[in-house]
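Written below as structure tokens is the structure these notes are about.
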Protein chains: 2
Amino acid sequence: MSPTVASTGRVPVTIGAMESSSAASGGSTRREATRQKLYEAAVTLIAEQGFSATTVDEIAERAGVAKGTVYYNFASKSVLFEELLRHGVGLLTASLREAAERTAAEGGNKVDALDAMIRAGLVFIDRYPAFTQLYVAELWRTNRTWQSTLMVVRQQAVAVVEDVLRDGVAAGEFSEEIDISLTASALVGMVLVAALDWKSFQAERSLDDVHAALSRLLQGRVSGCR
Amino acid sequence: MSPTVASTGRVPVTIGAMESSSAASGGSTRREATRQKLYEAAVTLIAEQGFSATTVDEIAERAGVAKGTVYYNFASKSVLFEELLRHGVGLLTASLREAAERTAAEGGNKVDALDAMIRAGLVFIDRYPAFTQLYVAELWRTNRTWQSTLMVVRQQAVAVVEDVLRDGVAAGEFSEEIDISLTASALVGMVLVAALDWKSFQAERSLDDVHAALSRLLQGRVSGCR
DNA sequence: GAATTTGAACTGACTGGTCAGTGCAAAAAC
DNA sequence: GTTTTTGCACTGACCAGTCAGTTCAAATTC
């Protein structure tokens, strides 16, 4: 699973191994490896500086690859970015869905499922902080070429949360009066911002600390609970 | 309060009137007016495209001003941006603090104060969506010239929420076990993301709808409340 | 199994264009 | 007459994308 990367002492910001056309055949693993390196280089640079401020030369240099290679592997700078987005959000939604299904299999209720998804979200952000940062920075922008990609990808992620809320209402666990989509957004925001603040400003805290704080908030154990 | 803007049919994205050195003296209002126009132009363009992708020529053009005027009024493109940030967050914190103080004066408890601040946050985002968007996009970035400005400004805003939480714990209204800073971050995130999603993807909803959904979440009336 | 061919992968110098910031003389506003 | 704005030409740096050429491992031929 972990990619075979050259010996940079950098923090692993891997966006996971890509399995696509070359799964069964022992075929072009080389190409996948360079694409992976480019993803890793691009994700941190763009998270730090933004898309426009990051040059293709920088990405190539950090990936340890010539500029031409970038264009051999991706049609353009924004295509590279779009594929990075799609790939990263794919990992996130898979992880969220897995968390929800796991609690269901273990006989947990829907609050447990939400709680497990919060943890899965935190684990994801803990592992891929740069990706998360970049995602948040681009999500609400308009007028950009990858806008449609972003919309699709956002909907995938939010839908997982919405599904759990819907099931919870159907099962009588949540009030019928909750607004599914607004509540889902709010929950996502809660996790996203708390986690980014955690990573940026108090990195010394443990994941369990953050999870505990968010759980408390979710279960209304902060504000009295009438 | 509402600025005297030229006759563009554009949505008012004003960042409020600036009172600084020219408060008492009836002095150079003219200069302030062009600065205001530049803020308005810059905030929407940067929100849409990002800082680096926005050119000074564009800003000048949208403000209906010559390029030279931009540099007559601001030392550089990033100085313009920094002052925009400081100014906008100043408005936000003032509004949050005012909401908290108003409920206190009316004899409300701390949950009421939080609720009022949620509403104040929503009202702010409703009025200045572009500013909010731009703020979120930049907040967690590192390695940029205005990083320190951003940190200061963030701390101001979060501190208002933290103060209310601290008071609530002291008054025995909130559990002693809550983590002040993490909870504050989470609450801010809840409002921020829900509101941005509202403005971006379901602009037809009313502010009251959004407020109601967030209130419910705050008071734990979503997840059973045991 | 040595010699030769093939082609996917990669390279990096180069091009055409863009943009932040400057300089300044003249006009307008106050 | 001072402050502010205008218009516009100019510079130097920077950058996305191109392309002719290189590399090398595997396939093919003899």
Side-chain angles (χ1 to χ4, degrees), chain A residues 3-6 18 20-42 45-46 48-84 143-146, chain B residues 3-6 18 20-22 25-42 45-46 48-84 143-146:
Chain A
T4 48
V5 183
M18 231 200 159
S20 56
S21 55
S22 62
S25 66
S28 66
T29 316
R30 180 143 166 249
R31 195 134 189 247
E32 286 311 323
T34 52
R35 287 173 73 98
Q36 184 65 40
K37 280 196 289 182
L38 285 169
Y39 281 156
E40 286 172 39
L45 284 168
I46 297 179
E48 277 166 17
Q49 305 176 322
F51 175 81
S52 308
T54 301
T55 69
V56 175
D57 288 278
E58 275 178 314
I59 296 174
E61 191 192 348
R62 181 169 294 191
V65 139
K67 188 178 188 177
T69 306
V70 177
Y71 286 93
Y72 182 77
N73 284 281
F74 300 95
S76 70
K77 186 185 171 187
S78 19
V79 167
L80 161 56
F81 183 59
E82 277 182 74
E83 297 196 11
L84 181 58
N143 292 352
R144 307 216 101 184
T145 48
W146 55 79
Chain B
T4 48
V5 183
M18 231 199 157
S20 56
S21 54
S22 62
S25 65
S28 66
T29 316
R30 185 153 158 243
R31 197 137 187 243
E32 286 311 325
T34 51
R35 288 172 71 98
Q36 183 66 39
K37 281 197 288 182
L38 285 169
Y39 281 157
E40 287 172 38
L45 284 168
I46 297 179
E48 278 167 16
Q49 305 176 324
F51 176 81
S52 309
T54 302
T55 69
V56 175
D57 289 277
E58 274 178 315
I59 296 174
E61 190 192 349
R62 182 169 293 191
V65 140
K67 188 178 183 178
T69 307
V70 177
Y71 285 93
Y72 183 78
N73 284 280
F74 298 95
S76 69
K77 186 185 170 187
S78 22
V79 167
L80 161 55
F81 183 59
E82 275 182 78
E83 297 196 10
L84 181 58
N143 292 352
R144 308 215 98 183
T145 47
W146 53 80

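Throughout, protein chains are lettered first and strands after them, A, B, ... in sequence-line order, and every chain is numbered starting at 1.
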B:Val65 side-chain proximity, nearest of C:dA8, D:dT6, D:dT4
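So the side chain of B:Val65 is nearest to D:dT6.
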What one-letter contact string describes nucleotides 18-24 of chain C from 5' to 3', where B marks a base within less than 4.0 Å of any protein heavy atom, S marks contact via sugar-phosphate atoms alone, and - marks no contact?
-SBBB--
Heavy-atom pair with the smallest gap, counting every atom of [X] and [Y]:
{"X": "A:Ala41", "Y": "A:Ile59", "value": "CB-O, 3.6 Å"}
{"X": "B:Leu38", "Y": "B:Val65", "value": "CD2-CG1, 4.5 Å"}
{"X": "A:Thr54", "Y": "A:Lys77", "value": "O-NZ, 2.7 Å"}

Within less than 4.0 Å of OP1 or OP2 of [N], is there a side-chain N or O belonging to [X]?
{"X": "A:Tyr72", "N": "C:dA9", "answer": "yes"}
{"X": "B:Thr69", "N": "D:dT6", "answer": "yes"}
{"X": "A:Asn73", "N": "C:dA8", "answer": "no"}
{"X": "A:Thr34", "N": "C:dC10", "answer": "yes"}

Out of curiosity, [X] [atom1] to [Y] [atom2], how far, rounded to the nearest 0.5 Å?
{"X": "A:Leu84", "Y": "A:Phe74", "atom1": "CG", "atom2": "CZ", "value": "8.5 Å"}
{"X": "A:Gln36", "Y": "A:Thr29", "atom1": "CD", "atom2": "OG1", "value": "12.5 Å"}
{"X": "B:Thr55", "Y": "B:Glu61", "atom1": "OG1", "atom2": "CD", "value": "8.5 Å"}
{"X": "B:Tyr39", "Y": "B:Thr34", "atom1": "OH", "atom2": "OG1", "value": "10.5 Å"}

Using atom [atom1] of [X] as one end and atom [atom2] of [N] as the other, report the distance to the nearest whole Å.
{"X": "A:Phe74", "N": "D:dA16", "atom1": "CZ", "atom2": "P", "answer": "16 Å"}
{"X": "A:Arg35", "N": "C:dC10", "atom1": "CZ", "atom2": "C1'", "answer": "15 Å"}
{"X": "A:Arg31", "N": "D:dA25", "atom1": "CZ", "atom2": "P", "answer": "18 Å"}

Identified side-chain hydrogen bond (donor to acceptor under 3.5 Å, both in side chains) counterpart of B:Asn73 within the set B:Glu83, B:Arg31, B:Lys37, B:Arg35:
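Among B:Glu83, B:Arg31, B:Lys37, B:Arg35, the one that satisfies the side-chain hydrogen bond (donor to acceptor under 3.5 Å, both in side chains) with B:Asn73 is B:Arg31.
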Less than 4.5 Å apart, side chain to side chain, heavy atoms only: is that true for B:Trp146 and B:Val79?
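When only atoms from C-beta onward are counted, B:Val79 and B:Trp146 do not touch, as no gap falls below 4.5 Å.
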Is A:Leu80 close to A:Val56 at the side-chain level, that is, under 4.5 Å between some pair of heavy atoms?
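Sidechains of A:Leu80 and A:Val56: no contact.
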Using C1' atoms of five pairs at each end, report the bend of the helix from C:dG1-D:dC30 to C:dC30-D:dG1 rounded to 10 degrees.
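That helix gives 20° between its end axes.
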Find every protein N or O atom lying less than 3.5 Å from an N or O atom of nucleotides 26-30 of chain C, and list the pairs.
none

